[in-house]
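Single-structure report; data block below.
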2 protein chains.
Amino acid sequence: MSRWEPNARGRLEQAALELYLERGFEQTTVAEIAKQAGLTERTFFRHFADKREVLFAGAGSLQELFVNAVVGAPDSMAPIDAVAAALEAAAAPFRERREHARQRQAVIAANAELRERELIKLASLASAIADALRGRGVTEPAASLAAETGIAVFKVAFERWINPVDSADSINQPDLSQLIRESLDELKAVTAGS
Amino acid sequence: MSRWEPNARGRLEQAALELYLERGFEQTTVAEIAKQAGLTERTFFRHFADKREVLFAGAGSLQELFVNAVVGAPDSMAPIDAVAAALEAAAAPFRERREHARQRQAVIAANAELRERELIKLASLASAIADALRGRGVTEPAASLAAETGIAVFKVAFERWINPVDSADSINQPDLSQLIRESLDELKAVTAGS
DNA sequence: ACGCTGATGACAGTCACTGACATCGGTCGT
DNA sequence: ACGACCGATGTCAGTGACTGTCATCAGCGT
């Protein structure tokens with residue numbers, strides 16, 4: 001029998017999400033999260049750099065997924081299509097966790113500081129994708145533009161997945177991959193309009 | 001003669017930029033900024049919501065410029081071109097303040113929290129542009145995608161304006177409007193590649 | 001002259017976050 | 001089996017961002 005309950009980090013993540021949902025982000029103190037997880041405030045900060053980061057712990061593995069998918073795309077693929085392939089690859093792990101994603105997004109949407117953190121995570125993602133594209137021989141500024149564009153598409157598709165407008169989609173869970181394809185097609189139509 | 005020196009807000013902005021440049025953002029306390037401006041910490045927080053906001057005071061008027069330019073664009077213009085016109089309109093006021101813009105960007109680039117704040121300002125800009133586009137009858141998600149795309153173009157062009165790679169541009173100040181047009185053309189080339 | 005207003009100061013308080021040191025099961029080398 | 005060491009956690013004191021509240025006082029209108 002070990003000295004402490006296992007998975008301290010996971011307990012902190014769960015406690016934080018619950019409390020942020022119940023009381024809101026600002027009305028929750030780190031001490032409360034730690035107490036609910038059976039730990040101390042100091043330990044919270046050993047696992048997470050700040051009060052916001054506890055909601056973004058999975059961002060690292062998501063970024064890996066994206067980058068690997070870009071790197072692994074066939075050389076013949078145009079940059080924007082390599083990015084599109086990466087977006088669809090990254091969509092897969094969300095499929096099982098729509099409810100969790102929805103709760104998390106609700107918390108983030110309700111607080112400006114959390115939206116800031118989400119934006120910088122997405123920017124970091126875009127930067128990593130641009131790096132991967134440059135690794136494929138794509139030059140600047142095409143690499144950055146394709147990456148940023150891809151993230152914009154992902155944001156739009158994700159938002160439609162979480163919070164569907166279409167009445168059919170709001171009954172049956174829409175398919176994130178398909179929404180990504182649709183959004184990318186919309187984007188191509190928009191930018192072609194000159 | 002009035003009771004206090006005039007332009008307290010401006011003095012705080014200038015003191016903050018100077019100190020952030022000298023010592024870095026984190027190493028500067030609000031009390032120090034206030035003291036250098038001849039005011040107290042409490043007064044700083046009456047003018048700016050937080051320590052970061054003092055660098056982003058001008059964002060509001062920039063957003064006005066953008067939105068007015070989108071609203072004022074000829075009805076016949078395609079969404080992406082209306083956005084492009086707005087970007088060029090917004091470029092004008094920067095022309096006179098490249099050195100100031102450069103210092104400000106140097107401070108922001110050096111600190112993650114400031115980058116977060118910049119990103120949310122840009123996102124707010126994108127959201128306002130999307131609103132303006134919807135006011136022109138553009139439907140979703142085309143409005144959001146055109147707006148986000150426009151911001152991506154602006155970011156890339158601004159970065160190239162502040163920190164030119166091209167040797168000719170690094171001698172003569174490049175023209176921000178022209179960089180915007182070039183970047184938009186690059187984007188169109190990228191997204192057309194399918 | 002009088003009272004009101006608006007910008008500022010003074011001050012105490014909360015909370016996010018950090019550094020330093022203590023604690024103590026588990027593990028490893030012998 | 002024993003002792004040295006390690007790593008996750010606890011304890012505690014401190015800094016600094018930010019807030020609520022009340023006081024101050026020049027200027028302004030009446």
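So that the names make sense, note that chain A is the first sequence line, chain B the second, and so on, each numbered from 1.
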Tell me, which of residues 16-32 of chain B have any heavy atom that sits under 4.0 Å from an atom in DNA chain D?
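Result for residues 16-32 of chain B: T28(B), T29(B), V30(B), sorted by number.
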
Please list, by residue number, the residues of residues 34-48 of chain B whose heavy atoms come closer than 4.0 Å to an atom of DNA chain D; answer none if no residue qualifies.
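Within this stretch, E41(B), R42(B), F45(B), R46(B) sit under 4.0 Å of the strand.
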
Show me the pairs that pass side chain to side chain donor-acceptor pair (under 3.5 Å) and involve residues 134-146 of chain B, at least two apart or across chains.
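Output for this query lists D131(B)-R134(B), R134(B)-E140(B), E140(B)-S144(B).
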
Qualifying side chain to side chain donor-acceptor pair (under 3.5 Å) pairs with a residue from residues 61-74 of chain A, counting only residues at least two apart or across chains:
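Sorted result for residues 61-74 of chain A: Q63(A)-S124(A).
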
Distance, rounded to the nearest Å, where [X] contributes [atom1] and [N] contributes [atom2]:
X: R9(B); N: dG6(C); atom1: CZ; atom2: P; result: 17 Å
X: K51(B); N: dC18(D); atom1: NZ; atom2: P; result: 8 Å
X: E5(B); N: dC25(D); atom1: CD; atom2: P; result: 18 Å

Excluding sequence neighbours, so at least two apart, what forms side-chain contact (heavy atoms from CB on, under 4.5 Å) with [X]?
X: A101(A); value: F158(A), W161(A), I162(A)
X: A34(A); value: none
X: T29(B); value: A31(B), E32(B)

Taking for each residue the nucleotide of DNA chain C bearing the nearest heavy atom, is the 5' side occupied by W4(A) or by R52(A)?
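Nearer the 5' end of the strand: R52(A).
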
If every non-hydrogen atom of L133(A) is compared with every non-hydrogen atom of V83(A), which pair is closest and at what distance?
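Where L133(A) meets V83(A) most closely, the heavy atoms are CD1-CG2, 3.9 Å.
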
Among residues at least two apart in sequence or on other chains, which ones pass salt bridge (Lys or Arg N to Asp or Glu O under 4.0 Å) with E26(B)?
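Once residues adjacent in sequence are excluded, E26(B) has no partner under the salt bridge (Lys or Arg N to Asp or Glu O under 4.0 Å) criterion.
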
Please enumerate all residues that pass salt bridge (Lys or Arg N to Asp or Glu O under 4.0 Å) together with R102(A), with sequence neighbours excluded.
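Testing R102(A) for salt bridge (Lys or Arg N to Asp or Glu O under 4.0 Å), a comparison that skips the adjacent residues, returns E99(A).
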
Nearest-neighbour nucleotide for the D50(B) side chain, dG6(C), dC24(C), dC18(D) considered
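Nearest listed nucleotide: dC18(D).
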
Side chain of R3(A): nearest nucleotide among dA16(C), dT24(D), dG7(D)?
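Shortest atom-to-atom distance from the side chain points to dG7(D).
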
